[in-house]
2 protein chains.
Amino acid sequence: MATFKTRAQYVADDLRERILGGEFKGGSQLRQDALARDYDVSRIPVREALLTLESEGLVEFHAHRGAFTTELSVAAIRELFDLRVLLETYVLRHAIPNLTAADLDHAGSVLRQYDAALDSGSQIDNWSDYNFAFHHALYAPSGLPETLAMIGQLNTKSGRYIRMQLVYTREIEKAELEHRELLELARQGDVDKACRLLESHIKDAAEGIAAVLEKNLRSA
Amino acid sequence: MATFKTRAQYVADDLRERILGGEFKGGSQLRQDALARDYDVSRIPVREALLTLESEGLVEFHAHRGAFTTELSVAAIRELFDLRVLLETYVLRHAIPNLTAADLDHAGSVLRQYDAALDSGSQIDNWSDYNFAFHHALYAPSGLPETLAMIGQLNTKSGRYIRMQLVYTREIEKAELEHRELLELARQGDVDKACRLLESHIKDAAEGIAAVLEKNLRSA
DNA sequence: GCCATATGGATTGCATACAATATCCAGATT
DNA sequence: AATCTGGATATTGTATGCAATCCATATGGC
C-alpha cells in the first residue's frame with residue numbers, strides 16, 4: 001500500500017538530505033529552475049518540495065525572490081536543544097515502564113549496527129540516521145506518537161548542525177558509549193538516572209555545536 | 001516590508017479558518033478543482049495551500065486520491081494537550097521573570113478586548129484568536145521564539161476541537177476568569193502558582209473536549 | 001554630490017493543458 | 001455466490017508558457 005512517491009516527495013527527500021549534509025551553506029539561494037534541471041522535472045514539483053522543506057524549517061521563502069536555506073543563530077540552536085531535553089526526557093520517562101524485551105533487543109541491535117558501521121569506515125552520512133533510529137527505538141514504546149513527531153521535527157531542524165559537530169569534534173565514540181549506558185539504565189528501569197544521562201547527552205552535543213559555531217564566527 | 005501575499009498563502013489562511021471553524025467535518029475530501037473555483041484561482045495555489053495545511057497537520061494527502069481533513073483521536077487530543085501543558089508551563093516559567101510593566105499592560109488590554117467582544121455579542125469566531133493573543137502576550141517575554149512556534153503549531157492542530165468545546169460547553173466565562181487570575185499571579189511573580197493554574201486551565205479544556213467527543217461517538 | 005525615480009533583466013507565481021494514477025463497476029471465471 | 005480482471009471515469013500530479021514582481025543599475029532633478 002501507498003508505495004507510490006510523487007516527484008515532489010522524491011525531490012523533497014533528496015534535497016533535505018543535501019541540505020542536512022551541508023551542501024548548501026549559509027543562507028544560499030535555491031533557484032527553482034536550476035533544481036528542476038538537476039532533477040529533470042518541472043518547477044512545479046520543485047516548488048512543492050521547497051514548500052515542504054519550508055514547513056520543516058530548512059528553507060525560507062521570500063516572495064518573488066525565492067527560497068533560501070535557513071541559518072540558525074547560536075541562541076536558536078541552544079533553544080532547540082533545550083526543547084529536545086524537555087521533550088525527550090518526557091517521552092523516555094513514559095517509555096521506560098513500557099519497554100518489553102523485544103524493544104530492548106531492537107534498540108540493542110541498532111547499537112550493534114552502529115559498531116559495524118563505525119568499524120567498516122567513516123559512514124558518517126548514515127550515522128545521523130542510526131542515531132535517530134536508536135533514540136526512536138527507546139522512545140517509541142512511550143505510546144506518544146504526536147510527541148515523537150515533534151521530536152522528529154526538532155531533529156530535522158537542527159540536523160545540519162548535529163552532523164557538523166560530529167564531523168568537527170569526532171565525538172561519535174563518546175556518544176556511542178553514552179548510548180550503551182542509556183540502554184543499560186533503561187533495561188534496569190532506572191528512569192531518573194536514564195533521564196539525567198539523556199539530558200547531559202543532549203546538552204553536551206549542544207555545547208559542542210555552539211563552540212564550533214562561535215569559533216567559525218570569530219574566524220569569519 | 002513583505003506586505004505581499006501570494007494567492008497560495010491567501011487560500012491557505014482562509015481554508016485554515018474554514019477547517020478550524022468546523023466547516024469540513026470528519027475526514028471529508030477537499031477537491032482541488034472545487035476549491036480552485038471557490039477562490040477563483042487555478043489548482044496550483046490550491047495544491048500549495050493544501051501542502052501547507054498538511055504540514056500543519058490539518059489535512060492529509062493520499063496520492064492520487066486527494067487531500068482529506070484529518071480527524072484526531074481522543075488519545076491524540078489528550079496527548080497534544082499534555083504537550084501544551086509541558087511547553088506552556090515551560091515558557092511561562094521563563095517569561096514571568098522577564099515581564100515588564102508594558103508586557104503586563106499589553107496582556108491586560110487584550111483581556112479587556114475580550115470583555116468588550118463578549119458583551120457585544122457572541123463573536124466566538126474571534127475568541128480563539130483573542131485567547132491565543134492573551135497567552136502569547138504572556139509567553140512572548142520568555143525570549144524563546146522556537147518554543148513559541150511549536151506552541152503555535154500545537155494550537156493550530158488542536159484548534160478545531162478547542163472551538164468546538166467552547167461552543168458546546170459555553171465555558172468561555174470560566175476561561176476568562178482564569179485568565180485574569182493568571183495575569184494577576186504573573187504580576188506578582190508567583191511562578192509556581194501561575195504554572196499550576198495554567199496546567200489545570202489547559203487540562204480542564206482537554207477534559208471538556210474529550211467529554212464532548214466521547215458523547216458524540218456514543219451518539220453516532 | 002546625493003537622493004528619488006525609471007527602466008531592464010532575472011526569477012518567481014500562476015493559469016492552462018496534458019499525462020498518470022486510483023477507484024468503480026460490469027462481466028467473466030472458479 | 002464470491003473473487004478476480006479490465007476498461008471507463010474522475011481526480012490528481014506535472015509540464016509548459018506567460019504575467020507579475022523584485023532587484024540592480026542608470027538617469028535626472030536638486
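Numbered from 1 within each chain, the chains take letters A, B, ... in sequence-line order.
Not less than 6.0 angstrom separates the ring centroid of B:H136 from the ring centroid of B:H106.
Rounded to whole angstrom, the span from the CG atom of B:L51 across to the C1' atom of D:dG13 amounts to 11 Å.
For the pair A:Q29 and A:R65, the tightest heavy-atom approach, listed with the atom from each and the gap, is NE2-O, 2.8 Å.
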Could you run down nucleotides 6-16 of chain C 5' to 3' and tag each one B, S or - for protein heavy-atom contact under 4.0 Å?
-----SBBSBB
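Residues satisfying the side chain to side chain contact (heavy atoms under 4.5 Å, CB included) criterion with B:D103, sequence neighbours excluded, are B:L99, B:T100, B:P141. A search for side chain to side chain contact (heavy atoms under 4.5 Å, CB included) contacts involving B:Y90 returns A:D82, A:L86, B:H94, B:L144, B:T147, not counting sequence neighbours.
When each of B:E207, B:H201, B:E199 is checked for a side-chain hydrogen bond (donor to acceptor under 3.5 Å, both in side chains) with B:K203, only B:E199 meets the rule.
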